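Below: the structure, in structure tokens.
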Protein chains: 2
Amino acid sequence: MSITETSNLGPRDSIKPDVLAIDLRTAVMRTSRRLRVEATGDVITPGQYTVLAQLNANGPQTLRTLAEREHVQAPSMTRIVNALTEQGFVTRTAHPNDGRQVQVGITLAGKAVLEEAREQRTAWLAQRVAGLSDDDRKILSRAAHIMQEMAGK
Amino acid sequence: MSITETSNLGPRDSIKPDVLAIDLRTAVMRTSRRLRVEATGDVITPGQYTVLAQLNANGPQTLRTLAEREHVQAPSMTRIVNALTEQGFVTRTAHPNDGRQVQVGITLAGKAVLEEAREQRTAWLAQRVAGLSDDDRKILSRAAHIMQEMAGK
DNA sequence: TATTGTTATACTCTATAACTATA
DNA sequence: TATAGTTATAGAGTATAACAATA
């Protein structure tokens with residue numbers, strides 16, 4: 001029996017947003033918590049990880065832009081970027097025209113450690129997902145896309 | 001067009017656990033982050049919230065049991081329970097037979113604040129969910145159950 | 001001796017405020 | 001004056017180690 005069938009919803013029932021919100025919130029928070037706990041042995045912190053991913057996906061950015069995108073204050077981003085710089089995962093280069101700005105970019109070592117961290121962080125989930133039925137995997141795949149869209153770019 | 005149709009997977013494709021794991025992890029972490037950020041104005045901290053929810057769902061428990069279930073160390077749980085006790089949201093009672101143990105239980109005020117926090121924390125998500133198609137809501141509902149099962153009770 | 005819980009202490013991450021340098 | 005970034009400092013939250021009380 002598929003896990004999805006534990007749902008008490010028939011195909012014709014309309015789903016109340018309030019009820020779904022509570023269910024989904026619980027599921028998301030619980031899963032994210034496990035993902036955080038199971039991601040042991042990482043060489044970089046969660047904050048460093050998301051900054052590397054951001055730089056990898058969107059190219060070099062100023063410190064301020066990074067802070068805004070990560071929703072942290074400037075001093076916090078200074079700290080994160082300093083740590084990444086010391087480890088050789090990002091470089092800081094002065095802006096050609098504006099001497100106040102600093103461009104932060106990911107290095108090859110940074111890309112490598114990002115990939116490594118991504119695998120470590122995904123290993124636990126991949127194992128769990130492998131134990132599901134194909135139907136359940138399809139549902140999760142679609143749900144992932146819906147959630148991505150819903151949570152905003 | 002439904003958001004689910006942005007998925008590039010046909011009905012007959014088998015879904016690779018590794019690929020799904022990366023998609024799902026990204027979606028879950030991004031959503032949980034938004035949920036955390038959007039849950040402003042809470043009267044209790046996230047740690048306090050989960051402890052109250054735990055006590056509400058499973059009844060009075062010892063400090064050690066709570067620490068294990070929340071995956072934190074004993075001193076951290078002492079701190080959380082102290083804060084909840086000072087606010088009047090839990091009570092501490094001595095174990096009748098074993099003088100070492102402390103039973104922690106939720107109060108009526110604790111139940112009230114839990115319900116209030118739950119609504120605050122779910123409001124943002126409920127609004128987002130309300131803007132989806134009914135099909136998408138069905139998928140999310142099933143996905144929530146699958147994730148709950150997958151992340152362990 | 002083993003177990004439950006507390007206290008002491010330190011570390012990480014984040015924030016606000018004050019400061020420097022550049023525009 | 002305004003903006004980009006850094007430094008100083010403080011406040012959560014968590015951890016380990018040492019301790020007290022009980023079994």
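These figures come from a predicted structure and were not determined experimentally. Every chain is numbered from 1, with letters handed out A, B, ... down the list of sequences.
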Side-chain contact test, heavy atoms from C-beta onward, threshold under 4.5 Å: evaluate it for B/T65 versus B/N58 and give yes or no.
no

Partners meeting side-chain contact (heavy atoms from CB on, under 4.5 Å) with B/A53 (sequence neighbours left out):
B/L114

Rounded to whole angstrom units, what separation is found between the CD1 atom of B/I44 and the C1' atom of D/dA12?
16 Å

Report the C-alpha distance between B/Q87 and B/V113 in whole Å, list the side-chain angles of each, state the deciding distance to 0.1 Å, and finish with yes or no for side-chain contact (heavy atoms from CB on, under 4.5 Å).
CA-CA 10 Å; B/Q87 295 171 288; B/V113 82; over 6 Å; no

Could you tell me the separation between the CD atom of B/E70 and the C1' atom of C/dG5, rounded to a whole number of Å?
17 Å

Quick check: do A/R30 and B/S32 have side-chain heavy atoms less than 4.5 Å from each other?
no

Whether A/D98 and A/R100 form a salt bridge (side-chain N of Lys/Arg under 4.0 Å from carboxylate O of Asp/Glu) is what I want to check.
yes

Angle by which the axis turns from one end of the helix from C/dT1-D/dA23 to C/dA23-D/dT1 to the other, five pairs per end, to 10 degrees
20°

Is there side-chain contact between A/L35 and B/R25, with at least one heavy-atom pair below 4.5 Å?
yes

Does the side chain of A/Q101 pick up a donor-acceptor pair with the side chain of A/R64 at under 3.5 Å?
no

Can you list, by residue number, the residues of residues 92-106 of chain B that have a non-hydrogen atom closer than 4.0 angstrom to DNA chain C?
B/R92, B/R100, B/Q101, B/V102

Quick one, B/T31 and A/Q148 - any side-chain contact, counting heavy atoms below 4.5 Å?
no

Which ones in residues 82-90 of chain A lie close to DNA chain D, meaning a heavy atom under 4.0 Å from one of its atoms?
none

B/R137 side-chain N/O to B/L132 backbone N/O, donor-acceptor pair under 3.5 Å
yes

What pairs of donor and acceptor atoms, side-chain ones from residues 77-85 of chain A against any protein atom, are under 3.5 angstrom apart with sequence neighbours left out?
unit_1	atom_1	unit_2	atom_2	d
A/T78	OG1	A/A74	O	3.2
A/N82	OD1	A/R92	NH1	2.8
A/N82	ND2	A/T78	O	3.4
A/T85	OG1	A/V81	O	2.6

Is B/T122 reaching over with its side chain to a backbone N or O of A/I22, donor-acceptor style, under 3.5 angstrom?
no

Classify the side-chain pair B/T50/B/E70 by whether it contains a donor and acceptor separated by less than 3.5 Å.
yes

Polar atom pairs (N or O), protein with nucleotides 13-15 of chain C, under 3.5 Å:
unit_1	atom_1	unit_2	atom_2	d
C/dA15	OP2	A/Q73	N	3.0
C/dA15	OP2	A/S76	OG	2.8

For atom CD of A/Q61 and atom P of D/dG5, their distance in whole Å
12 Å

Below 4.5 Å, heavy atoms only, C-beta onward: do A/R118 and A/Y49 meet side chain to side chain?
yes

Distance in angstrom units between A/L63 CG and C/dA21 C1', rounded
15 Å

